[in-house]
Amino acid sequence: MTKQIYKPRPITGFPEWLPEVRLIEQRWMDHIRRVFESYGFCSIETPSVEEIDVLRAKGEVDKEIYVIERLHKDENDNGESRLALHFDQTVPLARYVAQHFNELDFPFKRYQMQKVWRGERPQAGRFREFYQCDIDVIGVDNVPLHFDSELAAIMVDILRGLNIGPFQMQISNRKILMGLCAGLGIEDPAPITRAVDKIEKIGETETKKLLIESGLNDDKATIILKFATIKTQDSSFVEQVLALGVSHETLAQGLAELASVMNQLTHIEKGFVLADLSIVRGLDYYTGTVYETKLLENTDFGSICSGGRYDDLAGSYINKHLPGVGISIGLSRLFEYMRINNKLEIGAKCPTDILVCLPSEDKRDEAAQTARQLRERGFNVELYHTYQKIKKQMAYAEKKAIPFVWFPPFEDGQPHEIKNMQTGEQTSADPQTWEK
RNA sequence: GCGACCGUAGCUCAGCGGUAGAGCCCUCGGUUGUGGUCCGAGUGGUCGUGGGUUCGAACCCCAUCGGUCGCCCCA
């Protein structure tokens, strides 16, 4: 009789980590949470599923959405196949705010760290199930522009603390390009924004080709191209845009807003934030400030932290005008980049500080007692429950990279001992007073 | 959804027409109460799957499934 084995394969796009990697991911999340809370953001968690109609209210993203249904559907179950996994946290937030409008305090500042699902082709840094860490500020009728700069500062703060190497956040304002297009008499700005957005990736020549293909004459294409290459560390982009000789009310408004945001970010060390007018972002609900963040050693990897301002978040779900601004860290993407490039400092495979070893069968009580005493004093302590040669017990600690091994007395009357696995040093110690 | 490349042990790969290999990992051993190094032994694969060509296929051909990378889109 041979046992039937179903050989499992990893499901691409749905990552899972070994304990030593997961441990670091948890540390990252702790860090992110701490910074969010330090700015007074509160946490919410929404269900993994939303009604399909809720998810669809914002636009055409149908092919990305995973629908859920029971394997065995009853005849009268039809109405229930209306559920699907959320593909971001902004839409669930909008629904949440609409639903709890009367119980929330505005401006509503919340953070949310959950998994989201997208039915896309997985690639490096692109998953079908991944974590996002969002913060958003929602106001009734308006949200001060100061939040736009504060959100940028928060994210720079977080990313610097994660030790991810050089990065840069690029900020722009959609009104600038929209106003520029309007000022140039361009009726459909969509293909223009798409071309501008690609300049970093495909270069100026290719971008210009795209612009011409979209129906622009050479003069207009040249203006747009010139515009798309403007990058400044302060608000001096304003003069450069004005020098293009196009004027429009929306353009002026966008310039004023972005200048204001940049001026409020001068406290950040130079280089972390850049006004980059080629940033527009595809998502159609952004109407003002837009953010993107790239790792400078590999800008092709994609944005690791992006977001923007929207005029009306929840208009599809409630009859109120609720503008907001939000930004999200692509935790899984960023983490994966660090992991595959061996930049995570992989350490212990468990949170254990001390392994208490079992000297012999008849010393179980003493060993357990020792473990309890150490645990009460705040250490993470594992007890080796199977009596095996000390050699085996040590090898276990070694494999899991547990930093200390505790030896309760082998014979009555002897002292306890503790061994530092890194230095190999072993000394006698008292479970009530020992310190690392 | 479209295009290019790739599927041999848990992992990284060699073999490219004549009966499945290496390194790492894992397990055990190298005697009394102590890990890492070293030495020895062992477990593990119907060579992604199905068909075809051949005396004979991991190897050649076709199909299929899976993976990787681009495009689209995005964290």
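Note: hydrogens, waters and symmetry copies are ignored here, and every other heavy atom, side chains too, is used. Quick note on labels: first sequence line is chain A, next is B, and so on, each numbered from 1. Remember, predicted model here, so these are calculated numbers, not experimental data.
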Grab the [atom1]-[atom2] distance between [X] and [N] for me, whole Å please.
X       : N       : atom1 : atom2 : answer
R128(A) : rC74(B) : CZ    : C1'   : 15 Å
E20(A)  : rC11(B) : CD    : P     : 16 Å
I304(A) : rC74(B) : CD1   : P     : 18 Å
I202(A) : rG70(B) : CD1   : P     : 16 Å
L18(A)  : rG10(B) : CG    : P     : 16 Å
Q112(A) : rA75(B) : CD    : P     : 15 Å
D197(A) : rC71(B) : CG    : C1'   : 15 Å
K294(A) : rA75(B) : NZ    : P     : 12 Å

ask   = Is it the case that more than 12 heavy atoms not belonging to E361(A) sit under 6.0 Å from its CD atom?
value =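 Count over threshold, so yes.
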
message = Both S306(A) and T12(A) contact RNA chain B. Taking the nearest nucleotide for each, which residue is further toward the 5' end?
response =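 The residue mapped nearer the 5' terminus is T12(A).
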
inquiry  = If you assign each of R126(A) and Q123(A) to its closest nucleotide in RNA chain B, which residue comes earlier from the 5' end?
reply    =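 Its nearest nucleotide being more 5', the pick is Q123(A).
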
What interatomic distance, in whole Å, is found between [atom1] of [M] and the corresponding atom of [N]?
N       : M       : atom1 : result
rU64(B) : rC6(B)  : C1'   : 16 Å
rC38(B) : rC60(B) : P     : 38 Å
rU68(B) : rU12(B) : P     : 12 Å
rC72(B) : rC13(B) : C1'   : 35 Å
rA9(B)  : rC24(B) : C1'   : 12 Å
rC69(B) : rG10(B) : C1'   : 25 Å
rG52(B) : rA57(B) : P     : 12 Å
rG21(B) : rG15(B) : C1'   : 7 Å

Non-neighbouring partners of T46(A) that pass side chain to side chain donor-acceptor pair (under 3.5 Å), sequence neighbours left out =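 Scan of T46(A) (side chain to side chain donor-acceptor pair (under 3.5 Å), adjacent residues dropped) gives Q112(A).
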
Going by purine N1 to pyrimidine N3 plus the second Watson-Crick contact, or the G-U wobble pair, all under 3.5 Å, which nucleotide sits opposite [N]?
N       : value
rG17(B) : none
rA41(B) : rU27(B)
rU64(B) : rG48(B)

We want to know whether [X] and [Y] form a side-chain donor-acceptor pair, criterion being a heavy-atom distance below 3.5 angstrom.
X       : Y       : result
Q99(A)  : R95(A)  : yes
S303(A) : E292(A) : no
K400(A) : Y396(A) : yes
Y286(A) : D311(A) : no
E297(A) : Y337(A) : yes
W117(A) : H86(A)  : no

query = With a non-hydrogen cut-off below 4.0 angstrom, is S328(A) in contact with a base, only sugar-phosphate, or nothing?
reply =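 No contact.
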
request  = For K115(A), answer base if it contacts any base atom (sugar-phosphate contacts may also be present), sugar-phosphate if it contacts only those atoms, and nothing otherwise; contact means non-hydrogen atoms under 4.0 Å.
outcome  =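 Here K115(A) touches no strand at all.
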
request  = May I ask you to list the residues of residues 26-50 of chain A, by number, that have any heavy atom positioned under 4.0 Å from an atom of RNA chain B?
outcome  =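 Per residue number, the list is empty: none.
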
message = Quick check on rC73(B): is either OP1 or OP2 less than 4.0 Å from any side-chain nitrogen or oxygen of R194(A)?
response =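 It does, given that an N or O in the side chain of R194(A) lies less than 4.0 Å from OP1 or OP2 of rC73(B).
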
request  = Taking the six-membered ring for Trp and the full ring for Phe, Tyr or His, determine whether the centres of Y111(A) and F41(A) are under 6.0 Å apart.
outcome  =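 No, the ring centres sit 6.0 Å or more apart.
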
query = Less than 6.0 Å separating the ring centroids of W434(A) and F404(A)?
reply =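 Close enough - the centres of the two rings lie under 6.0 Å apart.
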
Any donor-acceptor N/O pair under 3.5 Å between rA75(B) base and R118(A) side chain =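 Counting by modelled atom types and ignoring angles, a donor-acceptor contact under 3.5 Å is found here.
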
ask   = Does any N or O donor sit under 3.5 Å from an N or O acceptor when you compare the side chain of R281(A) with the base of rC74(B)?
value =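 No pair found.
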
remark   = Nucleotide by nucleotide, nucleotides 25-36 of chain B touches protein heavy atoms under 4.0 Å in the pattern (B base, S sugar-phosphate only, - none) -SSSSS--BBBB

query = So does K208(A) pair up with D218(A), basic N to acidic O under 4.0 Å?
reply =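 So K208(A) pairs with D218(A) through a salt bridge.
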
